[in-house]
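Have a look at the structure below before the remarks.
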Amino acid sequence: MISTMLNDVQTAATGRKFPKFDLSRLLHTVFEPTFGRRVCILIDLPELSEAKGLAFLNNPERKIQQRAHQYFYQGLHGGVMEELALKGGEIYAYEQTGGSNLDLPDLCVDMEGKELSLERDIYTNYDLILCISTFSATAPLTAFAKQYGFRGATLHGLNEVILSTGLAVDYNEVSVDAEKLRKAMTKADWVEIDFTVDGGEDMTVRLELNGQEAQKSHGLCRGDTPDIANLPAGEVYFVPTGAEGTFPLKYEDGTLGKLTVTGAPSSSRS
């Protein structure tokens with residue numbers, strides 16, 4: 001029975017059709033910006049010198065930053081700012097942190113190479129900040145949003161698949177579905193996740209949750225409350241108290257490994 005249900009879900013997912021990516025629809029749905037909100041884009045670069053004169057556009061290794069420019073910067077200046085009554089639309093770069101959710105440097109530059117301060121010149125002067133980066137900046141930007149009063153979104157690892165699927169959906173619908181899943185899973189004692197690997201063995205990991213309240217990332221960041229949406233969104237999450245089992249881990253070079261975890265507290269087992 002469970003296998004049949006999983007097959008039905010996989011079949012539905014494989015055959016799903018997504019609308020074309022629409023920046024105006026995305027920003028309107030996620031933020032519902034009111035008149036005159038100032039928006040900007042943040043990207044990360046290994047060397048800030050690549051920002052001057054948009055030099056990163058000529059580097060084939062800067063696909064994420066190039067998509068930020070093509071789909072977001074050009075989109076904003078191609079009519080989206082006018083349509084949503086937004087102002088600004090500048091793009092700034094900071095030096096790559098080397099890992100997800102590490103502290104962000106304060107130094108940034110504009111596309112003429114002028115040095116600026118994120119805290120003094122960016123966080124205080126914009127209402128909506130879109131961070132399109134190699135490494136996730138959700139945690140540090142969330143803290144800065146609450147400190148300086150802006151809203152925004154982090155979209156690390158932006159690629160064509162994300163643009164055509166996870167960023168093309170209606171986040172009103174995503175929010176409703178995420179809440180259904182959150183209610184179904186909240187207060188769970190444990191969950192098991194099964195993994196099927198083509199040409200390899202099936203794997204299962206058990207996560208101990210200890211009756212926690214489930215949290216959701218649903219993509220909506222509306223009103224005036226400072227917050228950061230991590231896009232694409234739609235997941236429910238916990239902080240596991242323990243784990244047992246195995247699951248696949250894909251490395252940056254594409255190698256697929258098998259990760260084994262142990263050590264769940266015996267008191268949390270059921």
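Just so it is clear, the values below take in all heavy atoms, side chains as well, and ignore hydrogens, waters and symmetry mates.
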Which value, rounded to the nearest 0.5 Å, describes the distance between K63 atom NZ and E160 atom CD? 9.0 Å
Quick one about T241 and N210 (side-chain donor to acceptor, distance below 3.5 Å, no hydrogens or angles considered), yes or no? no
For E47, is the CD atom crowded, meaning more than 12 foreign heavy atoms sit under 6.0 Å from it? no
Would you call N101 and P140 a side-chain contact if the rule is heavy atoms closer than 4.5 Å? yes
Between CD1 on residue I41 and CG on residue L128, distance to nearest 0.5 Å: 11.5 Å
Does any part of the side chain of L231, heavy atoms only, come nearer than 4.5 Å to the side chain of I162, both counted from C-beta? no
Please confirm whether the backbone N or O of Y71 pairs with a side-chain atom of Q74, one donor and one acceptor, at under 3.5 Å? no
State, with a plain yes or no, whether a side-chain heavy atom of P248 is found less than 4.5 Å away from one of K258. no
Apply side-chain contact (heavy atoms from CB on, under 4.5 Å) to the pair I132 and F72, showing each step before the final yes or no. CA-CA 9 Å; I132 304 170; F72 286 80; 3.5 Å; yes
Within-4.5 Å side-chain heavy-atom neighbours: P46 and R62: yes
Counting neighbours of CD on E179 that are heavy atoms of other residues, nucleotides or ligands and sit closer than 6.0 Å, is the number greater than 12? yes
Electrostatic pair E112:K52 at N-O distance under 4.0 angstrom: no
Salt bridge between R206 and E244, side-chain N to carboxylate O under 4.0 Å? no
Measure the spacing between NE2 of H218 and CG of L181 and express it to the nearest 0.5 Å. 13.5 Å
Would you say R222's side chain and T29's backbone share a donor-acceptor pair under 3.5 angstrom? yes
Counting N and O atoms only, with roles assigned by atom type, does the side chain of Q66 sit under 3.5 Å from a partner on the main chain of F56, one being a donor and the other an acceptor? yes
Under 4.5 Å between any side-chain heavy atoms of L249 and L256, yes or no? no
Taking the six-membered ring for Trp, are F150 and Y126 closer than 6.0 Å centroid to centroid? no
Could you check whether atom CG of D103 has more than 12 heavy atoms from other residues, nucleotides or ligands sitting under 6.0 Å from it? no
When you compare the side chains of T134 and Q65, does any donor N or O come within less than 3.5 Å of an acceptor on the partner? yes
Is it the case that the side chain of S136 and the backbone of S100 share a donor-acceptor pair, with hydrogens and angles ignored and the cut-off at 3.5 Å? no
Do T255 and D253 have side-chain atoms, one donor and one acceptor, less than 3.5 Å apart? yes
For residues E208 and W190, determine if any side-chain heavy atom of one lies less than 4.5 Å from a side-chain heavy atom of the other. yes
Distance col, row L27:CG vs R37:CZ, nearest 0.5 angstrom, shows 14.0 Å
For the pair S164 (side chain) and V161 (backbone), establish whether a donor and an acceptor sit closer than 3.5 Å, ignoring hydrogens and angles. yes
Does the D127 side chain pair with the main chain of R38, one donor and one acceptor, at a distance under 3.5 Å? yes
Check the pair C40 / Y92 against side-chain contact (heavy atoms from CB on, under 4.5 Å), numbers first and verdict last. CA-CA 8 Å; C40 76; Y92 304 99; 4.0 Å; yes
Do E192 and T204 pair up side chain to side chain, a donor and an acceptor below 3.5 Å, judged on atom types alone? no
Report the relative orientation of the aromatic rings in Y73 and H69; use parallel for angles under 30°, tilted for 30 to 60°, perpendicular for over 60°. parallel
Atom pair NZ (K146) and OG1 (T225), whose distance is rounded to the nearest 0.5 Å: 10.5 Å
Side-chain donor-acceptor contacts of residues 232-240 below 3.5 Å, not counting sequence neighbours, with atom names and distances?
none

Below 4.5 Å, heavy atoms only, C-beta onward: do I129 and F144 meet side chain to side chain? no
Let me confirm one number: the CD1-CG distance from I64 to L158, rounded to the nearest 0.5 Å. 7.5 Å
If you measure only the distance, is there a donor-acceptor pair under 3.5 Å linking the side chains of T154 and T138? yes
Is there a donor-acceptor pair under 3.5 Å between the side chain of R151 and the backbone N or O of D224? no
If you apply the rule side chain to side chain donor-acceptor pair (under 3.5 Å), what do you find for S217 with N230, and how did you get there? CA-CA 7 Å; S217 173; N230 180 215; 5.2 Å; no
For a side-chain contact (heavy atoms from CB on, under 4.5 Å) check, start with the C-alpha distance between T246 and L259, then their side-chain angles and the critical distance, and finish with the verdict. CA-CA 5 Å; T246 57; L259 187 64; over 6 Å; no
Donor-acceptor pair, E95 side chain versus L45 backbone, under 3.5 Å? no
Measure the shortest side-chain to side-chain distance between V109 and L116 over non-hydrogen atoms and say whether it is less than 4.5 angstrom. no
What do the steps show when you test L26 against F21 for side-chain contact (heavy atoms from CB on, under 4.5 Å), and what is the final call? CA-CA 8 Å; L26 177 67; F21 172 73; 3.9 Å; yes
